[in-house]
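Below you'll find the structure, written out as structure tokens, and then a few comments.
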Amino acid sequence: MRSTGFRRTFAALGVCSLALTASACGSSDDDSSSGKTRITVNCEPPKSAKVDRGFFEQDVAAFEKKNPDIDVVAHDAFPCQDPKTFDAKLAGGQMEDVFYTYFTDAKHVVDINQAADLTPYIKELKSYDTIQKQLRDIYTVDGKIYGVPRTGYSMGLIYNRKLFEKAGLDPDKAPTTWEEVRADAKKIAALGGGTVGYADYSAQNQGGWHFTAEMYSQGGDVVSADGKKASVDTPEGHAVLQNLHDMRWSDNSMGSKQLLVINDVQQMMGSGKLGMYLSAPDNIPILVKEKGGNYKDLALAPMPGGKGTLIGGDGYMFNKHDTPAQIRAGLKWLDHMFLTPGSGFLGDYARAKKNDAPVGLPEPRLFTGAADAKDQQVKKANANVPVENYQTFLDGNQQLQMKIEPPNAQQIYSVLDGTVSAVLTKKDANIDQLLKEASGKIDSILARG
């Protein structure tokens with residue numbers, strides 16, 4: 001699945017606009033009539049995201065001024081990558097020269113032979129060795145480098161400090177176990193007036209996404225280590241569903257409205273009617289900017305359970321038809337746009353603050369060493385959100401196992417959606433039977449490859 005926000009304010013960027021012709025999207029000759037190396041790139045913010053669009057255009061213009069021999073043609077749409085069209089664009093030769101991918105795409109793109117091997121050129125990416133190794137490894141397949149990470153996220157527990165206080169709970173002490181989540185949710189729901197203690201997704205594959213995150217938090221998994229068999233029909237899987245069932249039906253702390261998706265839950269939290277839900281940090285500015293929330297009321301804690309958390313993120317890969325000149329130009333562009341601490345589209349915190357974009361949200365650190373120190377220094381100097389509300393998340397995350405999404409994630413999530421929704425909509429749902437059926441369906445998905 002994917003995080004719903006961008007590193008600052010933008011909710012989800014886009015792929016090549018459907019209004020563009022297929023030929024405009026695809027890889028092309030690197031030399032235009034002007035003799036420049038031309039690269040097409042995607043994930044430019046759409047015009048509706050005026051601030052981020054402006055930042056992006058400024059940074060591309062600065063890059064072209066610094067590199068007059070390179071012409072960057074950016075494509076926008078919403079979202080950055082549409083799973084429904086991604087494979088078709090790849091297979092049809094319509095993908096940009098430098099294209100956006102989720103972490104979970106990397107191996108698939110390589111397996112279908114649609115990615116350029118960057119290994120001979122990667123030394124020209126000045127920032128590469130400063131990036132966290134566990135993120136670099138996501139784009140390394142069979143010892144070869146096929147992409148460059150750009151951002152990351154990890155799941156945590158967003159909670160409403162004001163509701164915690166009203167319910168007699170300590171807003172500086174978030175629940176650390178699922179038993180505590182259940183107890184706190186019950187107290188928050190008891191406030192009445194339509195207040196919900198804890199909410200979870202159960203539709204549009206989002207229920208399966210959160211089931212996976214909750215499995216990780218308890219030390220479980222949805223797929224075996226070799227990626228060949230389901231591992232949901234386990235004590236951990238049973239515990240996840242039983243906890244949801246009990247909060248929904250025994251405690252009534254999840255409310256009666258179910259089959260929720262992310263927008264529903266964000267609306268509830270932003271309106272002050274929800275105590276807790278699982279999310280990545282980038283939900284926080286969405287809750288404030290779009291849903292009516294207040295930064296001072298919103299806090300983030302690590303995943304309950306204390307064993308693991310789901311991580312995700314994105315990066316860029318290169319079209320297999322790219323010329324060496326296009327690959328070198330694309331690497332220079334990535335360095336300039338995203339991978340220079342304290343500057344560029346993601347790192348110019350002073351510019352972001354000046355434009356009232358949030359600075360200081362607890363994103364997982366992309367860099368290491370001196371690069372990380374500089375990034376954190378500039379971020380701290382320009383912070384304009386209550387960073388103290390997120391400190392427990394940052395501290396607690398260091399103790400958790402970081403795990404990426406399973407193979408065939410969207411297909412598996414679709415199966416698990418039905419499992420989660422059944423538990424939340426049927427009081428007499430048979431958890432053992434649901435897990436057995438889900439396990440069989442996932443085995444079939446994995447067998448097909």
Side-chain angles (χ1 to χ4, degrees), residues 5-17 20 32 34 36-81 96-101 124-128 130-131 147-152 282 285 313-318 325-361 363 366-367 371-372 374-379 381-382 384:
F6 204 59
R7 195 167 178 178
R8 286 195 308 268
T9 58
F10 190 52
L13 304 176
V15 294
C16 187
S17 170
L20 295 170
S32 66
S34 65
K36 296 181 179 182
T37 298
R38 178 179 182 270
I39 55 169
T40 54
V41 302
N42 64 4
C43 207
E44 179 183 24
K47 292 179 180 178
S48 58
K50 293 182 180 178
V51 172
D52 283 288
R53 176 77 168 212
F55 289 170
F56 199 95
E57 290 177 345
Q58 290 171 25
D59 294 332
V60 168
F63 174 78
E64 290 182 330
K65 183 176 181 180
K66 185 179 178 181
N67 298 274
D69 57 334
I70 299 174
D71 180 25
V72 178
V73 180
H75 297 157
D76 76 339
F78 185 90
C80 278
Q81 176 192 318
E96 287 81 4
D97 301 316
V98 186
F99 60 95
Y100 173 98
T101 56
E124 298 180 29
L125 186 68
K126 294 182 294 184
S127 61
Y128 189 72
T130 73
I131 300 171
V148 181
R150 185 191 67 162
T151 65
D282 56 11
D314 59 50
Y316 277 90
M317 300 179 78
F318 287 61
Q326 286 177 307
I327 292 174
R328 291 189 171 97
L331 291 173
K332 282 185 179 181
W333 180 75
L334 290 178
D335 254 335
H336 175 87
M337 290 291 291
F338 308 118
L339 301 174
T340 300
S343 67
F345 184 65
L346 300 180
D348 192 340
Y349 302 118
R351 179 177 65 180
K353 181 181 180 180
K354 184 179 178 180
N355 286 269
D356 196 31
V359 178
L361 295 174
E363 301 100 344
L366 181 68
F367 304 109
D372 174 65
K374 181 175 181 180
D375 189 59
Q376 295 302 310
Q377 178 187 14
V378 178
K379 181 187 290 185
N382 291 281
N384 58 3

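Model, not experiment: these values are computed from the prediction.
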Which value, rounded to the nearest 0.5 Å, describes the distance between [X] atom [atom1] and [Y] atom [atom2]?
X	Y	atom1	atom2	answer
I39	R328	CD1	CZ	13.5 Å
I327	L125	CD1	CG	12.5 Å
F63	D335	CZ	CG	9.0 Å
Q377	Y349	CD	OH	12.0 Å
D76	E57	CG	CD	9.0 Å
H75	N42	NE2	CG	8.5 Å

Would you call the rings of F338 and W333 parallel, tilted or perpendicular, taking 30° and 60° as the class edges?
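Geometry flag for W333 against F338: perpendicular rings.
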Using modelled atom types only, decide if a donor and an acceptor are shared between the side chain of N384 and the backbone of G360 within a distance under 3.5 Å.
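No; judged by distance alone, with no hydrogens or angles, the pair does not exist.
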Is the backbone of I70 close enough, under 3.5 Å, to the side chain of N67 for a donor and an acceptor to pair up by distance?
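Side chain of N67 to backbone of I70: no pair is present.
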Would you say that L366 contacts I131 through its side chain, given a criterion of any heavy-atom pair below 4.5 Å between the two side chains?
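Yes, side chains in contact.
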Side chains of R150 and Y100, heavy atoms from C-beta outward: is any pair under 4.5 Å?
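Sidechains of Y100 and R150: in contact.
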Considering only NZ, NE, NH1 and NH2 on the basic side and carboxylate oxygens on the acidic side, decide whether D69 and K332 come within less than 4.0 Å.
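No, no charged N to carboxylate O under 4.0 Å.
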Is it true that E64 and K36 make a salt bridge, defined as a side-chain N closer than 4.0 Å to a carboxylate O?
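Here E64 does not pair with K36 in a salt bridge, since their nearest N and O are not under 4.0 Å apart.
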Closest heavy-atom contact between [X] and [Y]?
X	Y	result
V359	A352	CG2-CB, 3.8 Å
Y316	C43	OH-CB, 3.1 Å
T130	A371	CB-CB, 3.8 Å
D59	G344	OD2-C, 3.5 Å
R38	V73	NE-CG2, 3.6 Å
K379	L361	NZ-O, 3.8 Å

Walk me through it: do Y128 and L331 pass the test side chain to side chain contact (heavy atoms under 4.5 Å, CB included)?
CA-CA 10 Å; Y128 189 72; L331 291 173; over 6 Å; no
Should Q326 and V98 be marked as a side chain to side chain contact (heavy atoms under 4.5 Å, CB included) after you check the CA-CA gap, both sets of side-chain angles, and the distance that decides it?
CA-CA 9 Å; Q326 286 177 307; V98 186; over 6 Å; no
Can you check side chain to side chain contact (heavy atoms under 4.5 Å, CB included) on F367 and K374, steps first, answer last?
CA-CA 9 Å; F367 304 109; K374 181 175 181 180; over 6 Å; no
Would one find more than 12 heavy atoms of other residues, nucleotides or ligands at under 6.0 Å from atom NZ of K126?
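No, the 6.0 Å shell around NZ holds no more than 12 heavy atoms from other groups.
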